[in-house]
Amino acid sequence: MGAEAGGPYLPGLLSLREGPCLSAAVRALGASCDVLLIDATGVDHPRLAGLALHLGAVLGLPTVGVTHRPLLAQGAWPQDARGAHSPLTLDGDVVGTWLRTRRGARPVAVHPGWRTTLDDAIAVVSAAASGHRTPEPLRHARHLARIARANG
DNA sequence: GCGACAG
DNA sequence: ATCTTGTCGC
């Protein structure tokens, strides 16, 4: 599978670098899915078009984004309780939410993506986290990426 | 020119 | 992202 980056990493232009490779990879799977969990933002973007939204539009698949921190949006952290969440706003609009996936760990930023709502996003990330800060699918993907990188 | 803005 | 060091909880 072609794994060439589409360009250098530049804040706001992540989809230019990761988009081509990711869309090709998802298509290569040849399998259907209910929703794609993307390590990127949605409307929280300089042009309101983060990679989670971009990829979902290109593939025609629902997406939910989750990142360590917001790109431009801001919001106070929720209380330190599992499942607690607080809004992330950009120019007065709620574009995502902080979500405490695990007690004692800093919250993750959750972003509604292509054809998903804020509630959908929270539900998907909460269910996928299951006790860990990072959703299991993303931890698994990173694990596989490390192994692939170690080989050739 | 500098700062910072996903990864 | 990637790297290193230190701390905490299971």
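Letters A, B, ... are given to chains in the order of the sequence lines, protein chains preceding strands, and every chain is numbered from 1.
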Undergrad: Report the C-alpha separation of L53(A) and V43(A) in whole Å, then their side-chain angles, then the decisive distance to 0.1 Å, and conclude whether the side-chain contact (heavy atoms from CB on, under 4.5 Å) test is met.
TA: CA-CA 7 Å; L53(A) 274 174; V43(A) 182; 3.8 Å; yes
Undergrad: Which value, rounded to the nearest 0.5 Å, describes the distance between R100(A) atom CZ and H85(A) atom NE2?
TA: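 So the gap between those two atoms works out to 12.5 Å.
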Undergrad: According to the Watson-Crick and G-U wobble definition with distances under 3.5 Å, which dot-bracket string, read 5' to 3', encodes DNA chain B, using [ ] for crossing pairs and | for pairs with another strand?
TA: .......
Undergrad: Between the protein and nucleotides 3-8 of chain C, list every N/O to N/O distance that falls short of 3.5 Å.
TA:
none

Undergrad: Got more than 12 heavy atoms from elsewhere within 6.0 Å of CZ, R47(A)?
TA: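 Above 12, so yes.
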Undergrad: What interatomic distance, in whole Å, is found between C1' of dA4(B) and the corresponding atom of dA1(C)?
TA: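 Result for the C1' pair: 15 Å, nearest Å.
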Undergrad: Linking directly or through intermediates, with side-chain heavy atoms under 4.5 Å: list the remaining ILVMFWY members grouped with W77(A), chain and number order.
TA: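 L88(A), W98(A), which link up through side-chain heavy atoms under 4.5 Å apart, make up the rest of the cluster.
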Undergrad: Please name all residues satisfying side chain to side chain donor-acceptor pair (under 3.5 Å) with H140(A), sequence neighbours left out, ordered by chain then number.
TA: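 Applying side chain to side chain donor-acceptor pair (under 3.5 Å) to H140(A) gives none.
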Undergrad: Can you tell me which stems DNA chain C forms, taking runs of 3 or more consecutive Watson-Crick or G-U pairs with both distances under 3.5 Å?
TA: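 Correct response: none, since no qualifying run exists.
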Undergrad: Using the side chain to side chain donor-acceptor pair (under 3.5 Å) rule, collect all pairs that involve residues 9-19 of chain A, keeping only residues at least two apart or in two chains.
TA: S15(A)-H54(A)
Undergrad: Tell me the side chain to side chain donor-acceptor pair (under 3.5 Å) pairs involving residues 106-123 of chain A, sequence neighbours left out?
TA: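 For residues 106-123 of chain A: T67(A)-H111(A), T117(A)-D120(A).
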Undergrad: So, the side chain of R82(A) versus the backbone of R102(A): is there a donor-acceptor pair under 3.5 Å, distance only?
TA: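 A pair under 3.5 Å: no.
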Undergrad: Excluding sequence neighbours, so at least two apart, what forms salt bridge (charged side-chain N to carboxylate O under 4.0 Å, His left out) with R142(A)?
TA: D39(A)
Undergrad: Run V66(A) and V124(A) through side-chain contact (heavy atoms from CB on, under 4.5 Å) and show every step you take.
TA: CA-CA 10 Å; V66(A) 56; V124(A) 168; over 6 Å; no
Undergrad: Nearest 0.5 angstrom please: Q79(A) CD to S86(A) OG, how far?
TA: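 Interatomic distance, Q79(A) CD to S86(A) OG, rounded to 0.5 Å: 9.5 Å.
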Undergrad: With the threshold set at under 4.0 Å for non-hydrogen atoms, list the residues of residues 80-90 of chain A touching DNA chain B in residue-number order.
TA: none
Undergrad: For the pair R133(A) and R139(A), evaluate side-chain contact (heavy atoms from CB on, under 4.5 Å) and give the outcome as yes or no after the intermediate values.
TA: CA-CA 10 Å; R133(A) 178 171 116 91; R139(A) 297 205 334 273; over 6 Å; no
Undergrad: Could you tabulate the donor-acceptor pairs under 3.5 Å formed by side-chain atoms of residues 20-37 of chain A, not counting sequence neighbours?
TA:
{"from": "S23(A)", "atom 1": "OG", "to": "G19(A)", "atom 2": "O", "distance (Å)": "3.0"}
{"from": "S23(A)", "atom 1": "OG", "to": "P20(A)", "atom 2": "O", "distance (Å)": "3.1"}

Undergrad: I'd like to know if the side chain of R69(A) and the backbone of A109(A) have a donor-acceptor N/O pair within less than 3.5 Å.
TA: no
Undergrad: Listed in order of residue number, which residues of residues 102-125 of chain A have a non-hydrogen atom at under 4.0 Å from DNA chain B?
TA: none
Undergrad: Counting distance only, does the side-chain N/O of D44(A) pair as donor-acceptor with the main-chain N or O of L72(A) below 3.5 Å?
TA: yes
Undergrad: Under 3.5 Å, which protein N or O atoms sit close to an N or O of nucleotides 2-7 of chain B? Give each pair with its distance.
TA:
{"from": "dC5(B)", "atom 1": "O4'", "to": "L71(A)", "atom 2": "O", "distance (Å)": "2.8"}
{"from": "dC5(B)", "atom 1": "O2", "to": "P11(A)", "atom 2": "O", "distance (Å)": "3.4"}
{"from": "dA6(B)", "atom 1": "OP1", "to": "R69(A)", "atom 2": "NE", "distance (Å)": "3.3"}
{"from": "dA6(B)", "atom 1": "OP1", "to": "R69(A)", "atom 2": "NH2", "distance (Å)": "2.3"}
{"from": "dA6(B)", "atom 1": "OP2", "to": "Y9(A)", "atom 2": "OH", "distance (Å)": "2.7"}
{"from": "dA6(B)", "atom 1": "N7", "to": "G12(A)", "atom 2": "N", "distance (Å)": "3.1"}
{"from": "dA6(B)", "atom 1": "N6", "to": "G12(A)", "atom 2": "O", "distance (Å)": "3.3"}
{"from": "dA6(B)", "atom 1": "N6", "to": "L14(A)", "atom 2": "N", "distance (Å)": "3.3"}
{"from": "dA6(B)", "atom 1": "N6", "to": "H45(A)", "atom 2": "NE2", "distance (Å)": "3.2"}
{"from": "dA6(B)", "atom 1": "N1", "to": "L51(A)", "atom 2": "N", "distance (Å)": "3.2"}
{"from": "dA6(B)", "atom 1": "N3", "to": "T41(A)", "atom 2": "N", "distance (Å)": "3.3"}
{"from": "dA6(B)", "atom 1": "N3", "to": "T41(A)", "atom 2": "OG1", "distance (Å)": "3.4"}
{"from": "dG7(B)", "atom 1": "OP1", "to": "D39(A)", "atom 2": "OD1", "distance (Å)": "3.2"}
{"from": "dG7(B)", "atom 1": "OP1", "to": "H68(A)", "atom 2": "N", "distance (Å)": "3.2"}

